[in-house]
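See below for the structure under consideration.
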Amino acid sequence: MENTSCASATVASDAEHGEVIGVGYFRIPAPQIEPLLDFYGKALGMKQIGCILEHAVILNVGRTREEATANKNVRVILDNRLAPVDQNPVAFIVRNIGRVVERAKDNGATITMEPLVARNGNVVAKFLDPSGNRIELIEEGSDKDENLYLIGKG
């Protein structure tokens with residue numbers, strides 16, 4: 001595993017006012033990294049793109065490791081210094097939510113909410129990953145590219 005650091009965000013011209021311009025990463029508690037690394041790879045198609053010392057691995061979405069590394073969207077960090085708690089769920093935007101839920105279940109997730117259509121037209125599902133972290137899946141509106149936020153497409 002290679003050691004990487006987070007890249008700096010581009011500073012807006014109005015930076016002195018303290019604008020938030022995006023999200024750099026989010027951490028998921030991973031008391032045991034290897035099982036969750038396997039789970040997120042198989043269930044959500046994430047690839048390991050780096051690590052932080054001995055306590056964390058960095059993941060991102062892409063068909064290959066190179067594509068995941070080049071992906072400038074939010075990265076996921078599995079960190080063994082954190083313990084699962086009743087945290088806010090981590091939300092992933094997905095396509096074909098039913099298949100993603102089945103893959104998650106097949107790889108050890110506990111489904112806490114089967115896919116359902118919300119009032120805004122999004123389809124939402126929830127599960128606990130094998131370490132007990134709350135994960136939410138969102139499929140926006142329809143299966144058409146123009147109606148989805150596609151993680152991994154810049």
Side-chain angles (χ1 to χ4, degrees), residues 1-9 20-118 122-145 147-154:
M1 292 191 288
E2 64 190 50
N3 189 8
T4 62
S5 62
C6 294
S8 300
V20 175
I21 59 171
V23 177
Y25 63 86
F26 60 88
R27 290 181 189 264
I28 295 177
Q32 295 181 345
I33 289 178
E34 291 302 320
L36 280 189
L37 183 59
D38 186 56
F39 173 80
Y40 283 98
K42 289 178 179 174
L44 299 180
M46 295 185 157
K47 308 285 186 276
Q48 180 177 347
I49 62 170
C51 65
I52 303 172
L53 303 175
E54 297 83 32
H55 65 82
V57 296
I58 304 167
L59 308 175
N60 210 344
V61 178
R63 286 175 282 242
T64 65
R65 185 170 192 250
E66 292 74 25
E67 187 178 297
T69 301
N71 184 348
K72 299 301 179 201
N73 289 305
V74 176
R75 294 184 165 142
V76 174
I77 298 174
L78 301 176
D79 193 332
N80 69 10
R81 297 175 304 171
L82 306 174
V85 296
D86 191 23
Q87 79 272 17
N88 291 323
V90 174
F92 293 102
I93 305 299
V94 302
R95 165 179 266 144
N96 200 333
I97 197 166
R99 281 197 224 163
V100 176
V101 167
E102 285 305 311
R103 276 200 324 270
K105 190 184 313 183
D106 290 346
N107 285 283
T110 301
I111 307 305
T112 59
M113 187 176 89
E114 293 288 340
L116 65 85
V117 179
N122 293 344
V123 180
V124 180
K126 297 179 183 180
F127 64 84
L128 300 176
D129 75 9
S131 287
N133 297 296
R134 296 181 332 154
I135 306 298
E136 184 172 313
L137 304 174
I138 303 168
E139 182 173 358
E140 295 195 349
S142 79
D143 202 22
K144 296 179 182 162
D145 282 350
N147 292 332
L148 296 172
Y149 293 115
L150 297 177
I151 295 176
K153 269 193 152 177

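Keep in mind it's a predicted model, so treat the numbers as computed, not measured.
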From CA spacing to verdict: side chain to side chain contact (heavy atoms under 4.5 Å, CB included), L37, L59: CA-CA 8 Å; L37 183 59; L59 308 175; 3.3 Å; yes
Close side-chain approach of V76 to I58, heavy-atom, < 4.5 Å: no
Flag side-chain contact, heavy atom, 4.5 Å: D129 against I28: yes
Donor-acceptor contact present, side-chain N71 to main-chain G62, <3.5 Å: no
Aromatic plane relationship, F92 with Y40 - under 30° parallel, 30 to 60° tilted, over 60° perpendicular: tilted
Main-chain N/O of P31 paired to N80 side chain as donor or acceptor, under 3.5 Å: no
Residue E102 excluded, over 12 heavy atoms near CD under 6.0 Å: yes
Side-chain donor/acceptor of N107 to backbone N/O of R103, under 3.5 Å: yes
Pair I111-V101, side chain to side chain contact (heavy atoms under 4.5 Å, CB included): steps then yes or no: CA-CA 8 Å; I111 307 305; V101 167; 3.7 Å; yes
Test item: S131 side-chain N/O and A30 main-chain N/O as donor-acceptor pair under 3.5 Å: no
Check: T69 main-chain N/O paired with R75 side-chain donor or acceptor under 3.5 Å: yes
Heavy-atom pair with the smallest gap, counting every atom of P115 and V123: CB-CG1, 3.8 Å
R134 and L128, any side-chain heavy atoms less than 4.5 Å apart: yes
Close side-chain approach of L36 to N133, heavy-atom, < 4.5 Å: yes
R65 (side chain) donor-acceptor with Q48 (main chain) under 3.5 angstrom: yes
